[in-house]
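Working notes, structure below.
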Amino acid sequence: MSLNNLQQRILEIKKQKNALLLVHNYQIPEIQEIADELGDSLELCRKAQEAEDVDMIVFCGVDFMAETAKVLNPDKKVVIPSRKAVCPMASMLSMDMLMEAKAKYPDAPVVLYVNTLAEAKAEATVTCTSANADKVVRQLGAKQVIFGPDKNLGYFVNKSLPDVELIYVPEDGHCRVHRFIGNGDEAMALKEQHPGSEVWAHPECEPEFQEKADYVLSTGGMVRRANETDAEVIIVGTEEGLIDRLKREHPEKKFLPAKKYSVCGAMKRITLENLYVAMVDEEFEVHVPDEISEKAAVSIERMLDMS
Ligand code: 13P
Ligand code: SF4
């Protein structure tokens with residue numbers, strides 16, 4: 001793979017500054033190509049937790065991901081290349097809603113998707129990602145669980161744990177990108193055109209699509225499934241950045257979007273240009289107040305221990 005000038009300059013500065021470049025699967029291909037670690041939310045949390053010998057973490061992802069890296073590394077500089085890389089789902093859970101639910105169900109543990117802001121994580125029993133939500137909820141052994149903000153991820157959890165009552169905060173939290181992918185009818189029409197193909201849905205997809213899909217997987221799960229499957233055509237129900245990765249890693253296979261133009265605008269706020277500036281100027285630095293960070297770290301580390 002030949003790198004362009006800007007990619008090479010970013011790599012040089014990264015080396016000079018002993019920085020770690022963490023990149024989510026939804027980033028543009030040019031950024032994916034120069035990542036130290038390219039992965040899903042859980043994989044990137046783990047890498048952030050292990051980041052002992054680096055002087056700076058540069059996070060190409062959205063706000064809550066960079067915040068999580070900061071919470072796990074309070075003494076390190078954590079930088080995100082754009083302040084506009086803000087996940088709308090993470091902002092759907094207000095502290096008022098969360099505290100109201102906690103007051104109403106004082107005995108119920110609180111499981112929050114990592115797609116939340118640090119102040120919400122500070123009030124959670126444990127966090128989860130799309131790769132471990134069912135595992136985390138199972139280990140709590142509770143009958144009632146306060147769960148948020150993604151209702152579709154809750155649906156996925158209830159598929160394997162039907163006896164657990166999930167109390168949703170907010171009532172209809174969702175990801176716009178995965179909601180846009182729809183009920184899976186288009187994916188099934190594509191499957192009919194390609195006999196032997198597989199259909200994958202992310203747990204943030206609508207329940208109707210989850211029901212129709214052959215596999216419901218986190219983006220990391222999709223990367224692993226691509227290594228295992230004999231299917232030559234795969235219909236992928238998630239953001240397009242992941243499809244860019246799959247095409248690069250498996251040029252012999254055909255990956256088709258379950259819905260065209262499934263693009264996360266927040267993820268795409270990060271460009272090679274603003275990543276270069278972030279490396280040079282060490283901006284924009286992520287800050288989390290100590291009292292929030294200390295409490296949020298407990299719920300994130302609990303998740304990492306449970307998964
Ligand atoms: P993954 O953890 O599966 O990569 O998902 C993160 C995310 O934000 C999906 O929208
Ligand atoms: Fe947030 Fe959805 Fe974008 Fe993921 S894909 S970062 S949940 S808006």
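All values below were derived from every heavy atom in this structure, side-chain atoms included, with hydrogens, water molecules and symmetry-related copies excluded. In listed order, ligands and their atoms are each counted from 1. Quantities reported herein were computed from a predicted structural model and do not represent experimental measurements.
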Same cluster (ILVMFWY, side-chain, under 4.5 Å), Y113 and L44: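 Y113 and L44: one cluster.
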Within one Ile-Leu-Val-Met-Phe-Trp-Tyr cluster: I31 and V62, side-chain cutoff 4.5 Å: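 Same hydrophobic cluster.
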Those atoms of ligand 2 less than 4.0 Å from some heavy atom in N115: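 Going through ligand 2 atom by atom, the ones under 4.0 Å from N115 are 7 (S).
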Numbered atoms and elements of ligand 2 in range of E204, under 4.0 angstrom, heavy atoms: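 Listed by number with element: 2 (Fe), 7 (S).
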Do [X] and ligand 1 have an N or O pair less than 3.5 Å apart?
{"X": "D40", "value": "no"}
{"X": "N25", "value": "no"}
{"X": "E204", "value": "yes"}

Atoms of type N/O/S from protein, distance to atom 3 (Fe) of ligand 2 below 2.8 Å: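 Protein heteroatoms (N, O, S) closer than 2.8 Å to atom 3 (Fe) of ligand 2 number 1.
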Under 4.0 Å to a heavy atom of H178 - the qualifying atoms of ligand 1, by number: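 Close to H178: 10 (O).
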Atoms in ligand 1 flagged as close to S218, the criterion being non-hydrogen separation under 4.0 Å: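 Listed by number with element, the hits are 3 (O).
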Cluster companions of L256 among Ile, Leu, Val, Met, Phe, Trp, Tyr (side-chain spacing under 4.5 Å):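 Reading the cluster by chain and number, L256 sits alongside I181, M188, L190, V199, F209, V233, I235.
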Pairwise distance CG(D185) to NZ(K212) - rounded to 0.5 angstrom: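 Interatomic distance, D185 CG to K212 NZ, rounded to 0.5 Å: 3.5 Å.
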Spacing of D134 atom CG and K159 atom NZ [to the nearest 0.5 Å]: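 Rounded to the nearest 0.5 Å, the CG-NZ separation comes out at 12.5 Å.
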Check ion pair R9-E12 (N to O, under 4.0 angstrom):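 Here R9 does not pair with E12 in a salt bridge, since their nearest N and O are not under 4.0 Å apart.
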N115 and ligand 1 - part of the residue with a heavy-atom distance under 4.0 Å: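 For N115, the contact with ligand 1 is made by the side chain alone.
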Per-residue contact class, M89 against ligand 1 - non-hydrogen pairs under 4.0 Å: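 No part of M89 comes within reach of ligand 1.
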K151 to Y168, cation-pi by 6.0 Å centre distance and 45° axis angle: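 Yes; both conditions hold, so K151 lies above the ring face of Y168.
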A131 to ligand 1, any heavy atom closer than 4.0 Å: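 A131 does not count as a contact of ligand 1 under the 4.0 Å cut-off.
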Proximity winner for atom 5 (O) of ligand 1, if only heavy atoms of H202, M65, M222 are counted: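 The residue whose heavy atom sits nearest atom 5 (O) of ligand 1 is H202.
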